Visitor: 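Take a look at the following structure, please.
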Amino acid sequence: MASFHAVLNNSVVLDRSKLFNLEKSNRIRGATLRSPSSVRVFASISSELREEALENGAGTGMGFADSKEVIEMEAKVLVRSYARPSMVLTKGKGCKLYDMEGREYLDLTSGIAVNSLGHGDPDWVKAVTDQANTLTHVSNAYYSIPQVKLANALVESSFADRVFFSNSGTEANEAAIKFSRKFQRYSKPDEPNPAAEFITFTNSFHGRTMGALALTSKDHYRNPFQPVMPGATFIEYGNIEAARNAIQAGKTAAVFVEPIQGEGGIHSATKEFLESLRSACDDSGALLVFDEVQCGLGRTGFLWAHEAFGVKPDIMTLAKPLAGGLPIGVALVTDRVAAAINPGDHGSTFAGGPLVCNAALAVLNKISNPSFLASVSRKGEYLKDLLVQHLGKNKHIKEVRGVGLIIGIELDVSASPLVDACRDAGLLVLTAGKGNVVRIVPPLVITETELEKAVEILSNCFPVLDNVDSN
């Protein structure tokens, strides 16, 4: 690890206005005020370690001396809505992340299935910097070229005829909720009480805003904020008969379903299940909404996850990977749905801005290439084979499942100790389900060599589970 010395041969001048009024707060150690407008911070790294440390992300603390200072300040100024490990990430390149002390991590989380092209993809960086130097934001009061180009590209590559832009997955699902209710009112103008309820499923996750939250199955997400939006019925995921019975004409506005559940534990629908939902929606007049916020845009080896099943929705929601790490959400709809929406029915100040849309065009253009999608399928099969080969006989593993590069390892105990051990060993993975599933959603550009290294680390860390209570 790089060591810092008081040689004072490397000085950096920083604008004091950007350093939290340091003369009052003294939150960053080692700063000496030289003038009313600047702070001169002296530090040096021993010459033999300087290059290595900077390459691995050390020295990019933005004025903080170490991770401890960042974590201490975070505890004072942020709402405590996240439980995070004691690490501060400062740099990413490809499938690697680096913390403030220069430690390297192999990233199998990709920012929760967001950074599909990895960190610092050159085409993405160019799209962002070029657009930032041209036009960043104008609001939806005006036309902008990247927005129209992205909308056209999404329409040309999907079932949809039109799109609505938002800023996140939960916002995309809120739009789908509103569009579904408006569609029912539009379709039956003489009906005083058109269909307004929703069918959703066990293990579902559709977001944390009040409408999307009402369609999310986990009680611990919903209960602190009750009452949420009424009218949601939860059906067992995959239960064809129960779903058919629940979807009713004049009552059900839409059915929300994830073709592959991510947060819920990496559960995949069957072709028969989605076909039955399509049929029941057609018979009842309800809309079928596919939530592909996590599983869409190449993660399964198909551009859209539902393509593997041969079933088309009326609305599809998309978000996480589309802009490569910038905030975006999309509701893709058919003309039949779009006809119900008038100017002013829904909107957003930031959604579909030039900067975000130009970044998304770079991501979509790369991922939609057939050879890229084929590589995702190939690497996904290779990863599952490696997991079965190295871990298949482990007593704690109940199932390895998933498709493409969205993989779940279900355990008979909590996955948290394993996730912690992997992180300490330089591998980042997530949990899912009831906390007993290891979720693997790496950048889609990950190499087979990196997958081999990941499985090696994972395998070496599994003994930590032997002391975990299965209850």
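Bear in mind the structure is a predicted one, so any value in this text is a computation, not a measurement.
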Visitor: L383 and L405: which non-hydrogen atoms are nearest, and at how many Å?
Guide: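 Taking every non-hydrogen atom into account, CD2-CD2, 4.2 Å.
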
Visitor: Can you say whether the rings of F179 and H346 are parallel (under 30°), tilted (30 to 60°) or perpendicular (over 60°)?
Guide: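 Ring orientation, 0 to 90° scale: perpendicular.
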
Visitor: Identify the two heavy atoms, one from I367 and one from L297, that lie closest to each other, and give their separation to 0.1 Å.
Guide: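 Smallest interatomic distance, heavy atoms only, reads CG2-O, 3.6 Å.
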
Visitor: Just by distance, with hydrogens left out, do T317 and N173 show a side-chain donor and acceptor under 3.5 Å apart?
Guide: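 N173 and T317 do have a side-chain donor-acceptor pair below 3.5 Å.
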
Visitor: For the side chain of N133 and the backbone of T129, is there at least one donor-acceptor N/O pair under 3.5 Å apart?
Guide: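 Flag set: sc N133 to bb T129 pair under 3.5 Å.
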
Visitor: Quick one: list whatever passes side chain to side chain donor-acceptor pair (under 3.5 Å) with T170, sequence neighbours left out.
Guide: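 Once residues adjacent in sequence are excluded, the partners of T170 under the side chain to side chain donor-acceptor pair (under 3.5 Å) criterion are T209.
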
Visitor: Would the distance check show the side chain of E171 and the main-chain N or O of S168 forming a donor-acceptor pair, the cut-off being under 3.5 Å?
Guide: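 Judged by distance alone, no pair lies under 3.5 Å.
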
Visitor: For Q147 and N140: C-alpha separation, side-chain torsions, deciding distance, then whether side chain to side chain donor-acceptor pair (under 3.5 Å) applies.
Guide: CA-CA 10 Å; Q147 183 185 89; N140 283 297; 2.9 Å; yes

Visitor: Crowded around K453 NZ? As in, over 12 foreign heavy atoms under 6.0 Å?
Guide: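 Check fails, neighbour count at 12 or below.
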
Visitor: Pairing donors with acceptors under 3.5 angstrom, does anything connect the side chains of D130 and N358?
Guide: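 There is no such pair (donor and acceptor under 3.5 Å, judged by atom type) between the side chains of D130 and N358.
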
Visitor: Quick one: does any side-chain atom of T252 pair with a main-chain N or O of A254 as donor and acceptor, under 3.5 Å?
Guide: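 No, the answer is negative, given that no donor and acceptor are paired below the 3.5 Å cut-off.
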
Visitor: Give a yes or no on this: more than 12 heavy atoms of other residues, nucleotides or ligands lie within 6.0 Å of atom CZ of R423.
Guide: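 More than 12 heavy atoms, drawn from other residues, nucleotides or ligands, come within 6.0 Å of this atom.
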
Visitor: Would you kindly say whether E74 and Y82 are connected by a side-chain donor-acceptor distance under 3.5 Å?
Guide: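 No pair is found: no donor N or O on one side chain lies under 3.5 Å from an acceptor on the other.
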
Visitor: I'd like to check the side chain to side chain donor-acceptor pair (under 3.5 Å) partners of T109; sequence neighbours left out, ordered by chain and number.
Guide: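 With sequence neighbours excluded, T109 shows a side chain to side chain donor-acceptor pair (under 3.5 Å) to D107, given in chain and number order.
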
Visitor: Verify the neighbour count for atom NZ of K218: are there more than 12 heavy atoms of other residues, nucleotides or ligands below 6.0 Å?
Guide: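 Yes.
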
Visitor: Quick check for you: to the nearest 0.5 Å, what is the distance between L277 atom CG and L288 atom CG?
Guide: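 Going from the CG atom of L277 to the CG atom of L288 covers 6.0 Å.
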
Visitor: Donor-acceptor pair, S110 side chain versus I112 backbone, under 3.5 Å?
Guide: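 No, S110 side chain to I112 backbone: no donor-acceptor pair under 3.5 Å.
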
Visitor: Got a salt bridge between R401 and E410, using NZ or NE/NH1/NH2 to carboxylate O under 4.0 Å?
Guide: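 A salt bridge links R401 with E410.
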
Visitor: For E174 and G211, work out which heavy atoms get closest and say how close.
Guide: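 Shortest heavy-atom separation between E174 and G211 comes out as OE2-N, 2.8 Å.
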
Visitor: Measure across L318 and E292 and return the closest heavy-atom pair with its distance rounded to 0.1 Å.
Guide: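 Scanning both residues, the minimum pair turns out to be CD1-O, 3.8 Å.
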
Visitor: Taking L135's backbone N and O only, do any of them form a donor-acceptor pair with Q131's side chain (distance below 3.5 Å, no angle check)?
Guide: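 Answer holds: yes.
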
Visitor: Applying side-chain contact (heavy atoms from CB on, under 4.5 Å), can you list everything that pairs with A280, at least two apart in sequence or on another chain?
Guide: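 Checked A280 against side-chain contact (heavy atoms from CB on, under 4.5 Å); matches are R244, I247.
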
Visitor: Between D99 and S67, is any side-chain donor less than 3.5 angstrom from a side-chain acceptor?
Guide: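 No pair is found: no donor N or O on one side chain lies under 3.5 Å from an acceptor on the other.
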
Visitor: Look at atom CZ of F159 and say whether more than 12 heavy atoms of other residues, nucleotides or ligands are closer to it than 6.0 Å.
Guide: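 Counting neighbours around CZ of F159, more than 12 heavy atoms of other residues, nucleotides or ligands fall under 6.0 Å, so yes.
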
Visitor: Could I get the full list of side chain to side chain donor-acceptor pair (under 3.5 Å) partners for E197, not counting sequence neighbours?
Guide: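 Checked E197 against side chain to side chain donor-acceptor pair (under 3.5 Å); zero matches.
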
Visitor: Is the distance between the ring centroids of F290 and F309 less than 6.0 Å?
Guide: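 Here the rings of F309 and F290 have centres that are no less than 6.0 Å from each other.
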
Visitor: Determine the minimum heavy-atom distance between V289 and A176, stating which atoms define it.
Guide: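 Here V289 and A176 meet closest at CG1-CB, 4.1 Å.
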
Visitor: Check whether any side-chain N or O of R181 sits under 3.5 Å from a backbone N or O of A253 as a donor-acceptor pair, and report yes or no.
Guide: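 Not a single qualifying donor-acceptor pair exists.
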
Visitor: In Å and rounded to the nearest 0.5 Å, what is the CZ to CE distance from F64 to M62?
Guide: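 Answer rounded to 0.5 Å: 8.5 Å.
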
Visitor: Can we call the ring centroids of F256 and F201 under 6.0 Å apart?
Guide: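 Between F201 and F256, which both carry aromatic rings, the centre distance is not below 6.0 Å.
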
Visitor: Quick check: does any side chain N or O of R439 sit under 3.5 Å from a backbone N or O of I409, one acting as donor and the other as acceptor?
Guide: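 Not a single qualifying donor-acceptor pair exists.
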
Visitor: Is S116 reaching over with its side chain to a backbone N or O of G324, donor-acceptor style, under 3.5 angstrom?
Guide: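 Checking the backbone N and O of G324 against the side chain of S116, no donor-acceptor pair under 3.5 Å is found.
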
Visitor: Check whether any side-chain N or O of R336 sits under 3.5 Å from a backbone N or O of F183 as a donor-acceptor pair, and report yes or no.
Guide: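 A pair under 3.5 Å: no.
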
Visitor: Identify whether the distance between the nearest side-chain nitrogen and carboxylate oxygen of D123 and K126 falls below 4.0 Å.
Guide: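 K126 and D123: not salt-bridged.
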
Visitor: Compute whether any side-chain donor of one residue and acceptor of the other, for S459 and E456, lie under 3.5 angstrom apart.
Guide: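 Checked: S459/E456 side chains show no N/O donor-acceptor pair below 3.5 Å.
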
Visitor: Could you walk me through whether D412 and K395 pass salt bridge (charged side-chain N to carboxylate O under 4.0 Å, His left out), step by step?
Guide: CA-CA 8 Å; D412 66 347; K395 65 180 181 179; over 6 Å; no

Visitor: With ring pair (Phe, Tyr, Trp, His ring centres under 6.0 Å) as the rule and sequence neighbours excluded, what pairs involving residues 377-424 come up?
Guide: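 Residue pairs with at least one partner in residues 377-424: there are none.
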
Visitor: Give a yes or no answer on whether the side chain of Q261 reaches the backbone of T202 with a donor-acceptor pair at less than 3.5 Å.
Guide: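 Yes, because the side chain of Q261 sits within donor-acceptor range (under 3.5 Å) of the backbone of T202.
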
Visitor: I want to check something: taking the side chain as every heavy atom from C-beta on, are R208 and F225 in contact at a cut-off of under 4.5 Å?
Guide: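 Side-chain contact under 4.5 Å: no.
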
Visitor: Got a sec, which residues hit side chain to side chain donor-acceptor pair (under 3.5 Å) with K271, two or more places apart in sequence or on another chain?
Guide: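 In terms of side chain to side chain donor-acceptor pair (under 3.5 Å), with neighbours along the sequence ignored, K271 is linked to E275.
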
Visitor: What are the two closest heavy atoms between I315 and A331, and how far apart are they?
Guide: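 Closest heavy-atom pair between I315 and A331: CG2-CB, 4.5 Å.
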
